[in-house]
Amino acid sequence: MSASNRPVVTRIAPSPTGSMHIGTARTALFNWLYARHTGGTYLLRIEDTDRERSTEAAVGVILEGLKWLGLEADAPPVFQHARADRHKAEVLRLLDEGRAYRCFMSVEELAAERERARAEGRTIRSPWRDRDAPVSSNDPFVVRFKGPLEGETVVDDLIKGTVTFANKELDDLVLLRTDGAPTYNLAVVVDDHDMAITHVIRGDDHLSNTARQTLIYQAMGYDLPAFGHLPMIHGEDGAKLSKRHGAQAVGEFADMGYLPEAMRNYLARLGWGHGDEELFTDSQAITWFDVKDCIRSPARLDWAKIAHVNNHYIRLADEGRLADLVTVAIAANGEAGGEDTRARLMATIPLVRDGAKTTLELAELCRFALLKRPLALTEKGLALLTQETRGRLARLAQSLVCADDWTVAGLTATLRAFAENENIGFGKFGPALRAVLAGVAPGPDLASALAALGKIESLARINDALSQSQ
RNA sequence: GGGCCCUUCGUCUAUCGGUUAGGACAUCAGAUUUUCAAUCUGGGAAGAGGGGUUCGACUCCCCUAGGGCCUGCCA
C-alpha cells in the first residue's frame with residue numbers, strides 16, 4: 001500500500017532542548033487538525049538524538065505544553081533515542097548495499113573542505129565516497145549517505161508545490177556519528193516510516209532537508225509520505241521570533257493569562273484561513289482544515305489580535321473556570337484571598353469579564369471586589385469626600401437600603417432616580433461613590449460594582465467611609 | 001559563496017485572469033459616559049519595483065530588490 005491511500009497518520013516531532021516554541025505549537029495544531037479532519041491518528045515523537053542538549057525537563061515542558069493546548073497525542077510518545085539500534089541496523093543495511101560509506105575525514109579536514117566548497121560555490125564532498133575503506137579500522141569514522149551526483153530530486157509539497165533540487169547540490173549526509181549514534185536526518189526517515197506516518201507536516205526550515213531525506217527514503221526502499229511545509233512564525237517586526245518579542249514559549253502564554261482555546265483559534269489563523277472566518281470552534285476548524293489550504297508565506301505574531309481572540313473566549317468561558325484562573329493569578333501576586341473570595345469572584349466576574357483581554361486583566365478587574373473593609377482611601381479618594389458628597393452618599397445609602405431590586409438594571413434605575421431627585425448629574429457623586437466602593441482599583445460602572453459587591457458589602461463600604469473622621 | 005522558499009491595507013488574511021480588491025485586528029472620528037473598559041456608527045488604509053503573456057493581470061512567466069531557510073558528527 002502506498003502512503004497515499006493508507007489511513008492518515010500525522011505526528012508532531014519536537015526536540016526537547018528547551019522551551020516549547022509557539023511555532024511548534026502551531027505545527028502540532030495543524031497536525032492535530034488534519035488527523036481529526038481525516039479521522040486519522042496524531043502521534044508524538046520526541047527527537048532526542050542529541051544527547052548533549054536533550055533534557056528530561058524539556059520533555060516535561062513539551063508534554064505539559066501539549067496538554068495545556070489540548071493537543072495531546074493519540075498514543076504515548078515515541079522517544080527517538082530509544083530506537084537507536086533500529087536506526088543503526090538500517091544504516092548498516094545501506095552500507096551493505098553500497099548506498100552509504102565510511103568517511104574518515106578528520107574534523108580539520110572537514111573544516112578545510114567546507115571552506116573550499118563554499119569558496120567554489122559547491123557542496124562538500126568526501127574523498128572517501130568512492131574509495132574502499134582501508135579498514136585500519138581503529139580510526140574514527142562517520143557513515144555518510146551516498147547520494148546521486150546527477151539528476152534531480154523533486155519534492156511534491158502539499159503547501160509549497162513542486163520543488164526541484166539538483167542532486168549535485170545535495171551533500172552526503174552523515175547518517176551515523178563517530179560514536180555510532182544516528183543523526184536526526186536518518187532517524188526521522190526511519191521513524192516516520194516505522195510509525196507509518198502518511199503526512200509529514202512541519203516547519204519549512206526543513207524543506208531543504210526534505211530533498212536529502214527523500215533520497216534516503218528511496219535508498220531504504222520506503223514509500224514516501226506526503227509533505228507539507230509550513231512557513232515560520234515571525235515576531236511583530238518580521239524578524240525571526242526570539243526572546244525580545246515577548247513570549248515565544250507556550251508556557252509563557254499560559255502564564256500571561258491566555259486561554260488554550262484562544263491560542264488554538266489564533267494559531268489556526270496564522271498560516272491558514274477559511275474565507276472570512278475569524279472566530280471558530282475546534283470542530284469547525286476540524287471540518288474546514290486541509291493542509292493544502294495553508295498559506296505559503298510567513299506570518300507575524302500580532303499581540304493585539306491575540307488579545308482580541310482571547311477576550312472573545314474569556315466571554316465564553318465557564319465562570320467557575322475563570323474564578324479558578326483568577327484565584328491562581330491573585331495567589332501568584334502574593335495576595336491571599338479570604339474565605340469568601342470565590343463567592344465574590346463568581347459575583348464579580350460576569351460583570352467585568354467583557355473588558356478583560358487576559359485572565360490576568362480579569363483578576364485586576366476583580367480586585368476591587370476582594371478588598372477588605374474598611375478600605376483605605378487614597379488622598380484622591382479623600383478629596384472627593386467633601387461635606388457635600390458625604391451628604392449625598394448618606395442619602396444615596398438610604399435609597400439603596402430600600403432598594404430591593406439589587407441587579408445591574410435595578411441599581412441603574414435607583415442611581416438614576418437618585419440623581420434626578422437630587423437634581424444633579426452622575427458627575428456630582430459618581431466619583432466619590434466609586435472611591436468609596438472600589439478604592440482606586442479599576443472597576444466596572446457603578447451599578448455593576450454595587451451589584452457585584454452585594455447589598456450588605458456595598459452599604460458597609462459606604463458607611464465605613466462616612467463614619468471615617470474627616 | 002551556492003541551493004531553495006516567500007512578497008495584497010500597520011498585522012492576519014479573501015481573491016484562485018474580468019470585483020468600486022472583501023473581512024478581521026489595530027488605528028482615526030463621532031455617539032454614549034461616573035473611572036477604565038465595553039458597546040454602537042462612520043472614515044482612512046494594500047497588490048515590493050520593472051519587464052513580458054493576454055482583449056484584460058493581484059492572479060501566469062522572467063528579472064531586480066527585500067526577507068527567510070538549508071548549506072552542522074543540531075534538530
Side-chain angles (χ1 to χ4, degrees), chain A residues 13-17 47-50 52-54 80 103 105 107 110 114 117-124 140-144 155 157 159-161 163-166 168-171 173-185 187-188 202-212 229 231-232 234 236 238-240 266 269-279 295-309 311 315 352-357 361 364-365 415 419 425-435 438 440-449:
Chain A
S15 53
T17 52
E47 312 250 281
D48 54 354
T49 51
D50 185 344
E52 304 272 296
R53 287 194 246 178
S54 301
Q80 195 157 57
C103 168
M105 269 203 280
V107 257
L110 221 199
R114 214 187 301 288
R118 180 174 277 259
E120 292 168 29
R122 60 169 176 83
T123 183
I124 68 158
F141 63 88
V142 297
V143 176
R144 284 183 185 276
V155 175
D157 195 86
I159 299 167
K160 303 281 184 175
V163 186
T164 306
F165 296 84
K168 68 172 165 55
E169 302 294 344
L170 276 17
D171 51 11
L173 285 171
V174 170
L175 267 18
L176 248 36
R177 302 177 233 251
T178 308
D179 64 359
T183 59
Y184 160 78
N185 275 298
V188 233
R202 62 197 349 176
D204 72 3
D205 48 340
H206 287 294
L207 186 56
S208 301
N209 285 331
T210 305
R212 286 179 255 264
H229 286 93
M232 308 273 86
H234 291 173
E236 289 194 302
K240 195 176 172 179
Y266 175 73
R269 289 289 293 111
L270 236 43
W272 174 78
H274 183 75
D276 286 341
E277 301 292 346
E278 295 287 346
L279 270 5
I295 281 72
R296 287 165 303 281
S297 53
R300 304 180 186 201
L301 221 47
D302 181 350
W303 288 95
K305 190 138 183 181
I306 298 176
H308 175 259
V309 175
N311 173 256
R315 289 168 182 241
V352 300
R353 70 195 314 185
D354 285 5
K357 290 180 164 54
E361 273 186 32
E364 188 59 23
L365 290 171
L415 289 173
F426 274 74
K428 297 289 188 191
F429 71 100
L433 178 57
R434 168 170 304 285
V440 285
D445 62 271
L446 294 175
S448 297

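Below, read A as the first sequence line, B as the second, and so on, with proteins coming before strands; counting in each chain starts at 1. Values in this document were obtained by computation on a predicted structure and should not be read as measured data.
Among the atoms of the strands shown, only primed sugar atoms or phosphate atoms (P, OP1, OP2) are found under 4.0 Å from some heavy atom of A:Thr49. A:Gly271 comes within 4.0 angstrom of sugar-phosphate atoms only, judged by non-hydrogen atoms across all strands, and of no base. Note on A:Ser297: only backbone sugar-phosphate atoms sit closer than 4.0 angstrom, heavy atoms only; bases stay farther off. Among the atoms of the strands shown, none is found under 4.0 Å from any heavy atom of A:His229. A:Arg296 comes within contact range of the sugar-phosphate backbone alone, with a heavy-atom separation under 4.0 Å but no base atom that close. A:Asp204 comes within contact range of the sugar-phosphate backbone alone, with a heavy-atom separation under 4.0 Å but no base atom that close. A:Asp171 comes within 4.0 angstrom of the backbone, heavy atoms only, and of no base. Within 4.0 Å of A:Arg315, counting heavy atoms only, lie sugar-phosphate atoms of the nucleic acid but no base atom. Note on A:Pro231: nothing from the nucleic acid sits closer than 4.0 angstrom, heavy atoms only. Among the protein residues, A:Phe165 comes within range of the sugar-phosphate backbone only, with heavy atoms under 4.0 Å from sugar or phosphate atoms but none that close to a base. Using a 4.0 Å heavy-atom criterion, one finds that A:Lys168 contacts no nucleic acid atom at all. Nucleic acid contact class of A:Arg53 (heavy atoms, under 4.0 Å, all strands): base. As judged by a 4.0 angstrom heavy-atom cut-off over every strand, A:Glu278 is placed among the base-contacting residues. Residue-level contact check: A:Ser208 touches the bases, meaning some heavy atom is under 4.0 Å from a base atom.
Side chain of A:Thr178 to main chain of A:Pro140: no donor-acceptor pair is present (N/O by atom type, distance under 3.5 Å, no hydrogens or angles).
Comparing the C1' positions of B:A46 and B:G72 gives an interatomic distance of 41 Å, to the nearest angstrom. A gap of 23 Å separates the P atoms of B:U11 and B:C16, to the nearest Å. Separation of the C1' atoms belonging to B:G44 and B:G3 is 43 Å when rounded to the nearest angstrom. Taking atom P in both B:C25 and B:C40, one finds a spacing of 10 Å when rounded to whole Å. Remark: the separation of the P atoms in B:C63 and B:G2 is 15 Å, to the nearest Å.
When rounded to the nearest whole Å, the span between CG of A:Asp302 and P of B:G23 equals 18 Å. Here B:C25 presents its C1' atom at 5 Å from NZ of A:Lys305, a figure rounded to the nearest Å. In this entry the distance linking NZ of A:Lys160 with P of B:G3 reads 18 Å, nearest Å. Rounded to whole Å, the distance from CD on A:Glu169 to P on B:G1 is 15 Å.
The partner of B:C16 is absent, by the rule that a Watson-Crick or G-U pair needs both atom distances under 3.5 Å. Nucleotide B:U35 forms no Watson-Crick or G-U wobble pair with any nucleotide shown, as no partner meets the under 3.5 Å limit on both distances. Remark: B:C60 base-pairs with B:G52. Criterion, Watson-Crick or G-U wobble with two distances under 3.5 Å. As the counterpart of B:A21, no nucleotide is assigned, since no Watson-Crick or G-U wobble pattern has both distances under 3.5 Å. Across every strand in view, B:U27 sits in a pair with B:G43 that passes the Watson-Crick or G-U test at under 3.5 angstrom.
Legend: residues meeting side-chain hydrogen bond (donor to acceptor under 3.5 Å, both in side chains) with A:Arg118, ordered by chain and number and at least two apart, are absent.
Within 3.5 Å, no donor on the side chain of A:Arg269 pairs with an acceptor on the base of B:U13, nor the reverse.
Nearest heavy-atom pair across A:Leu207 and A:Lys160 is CD2-CG, 4.1 Å.
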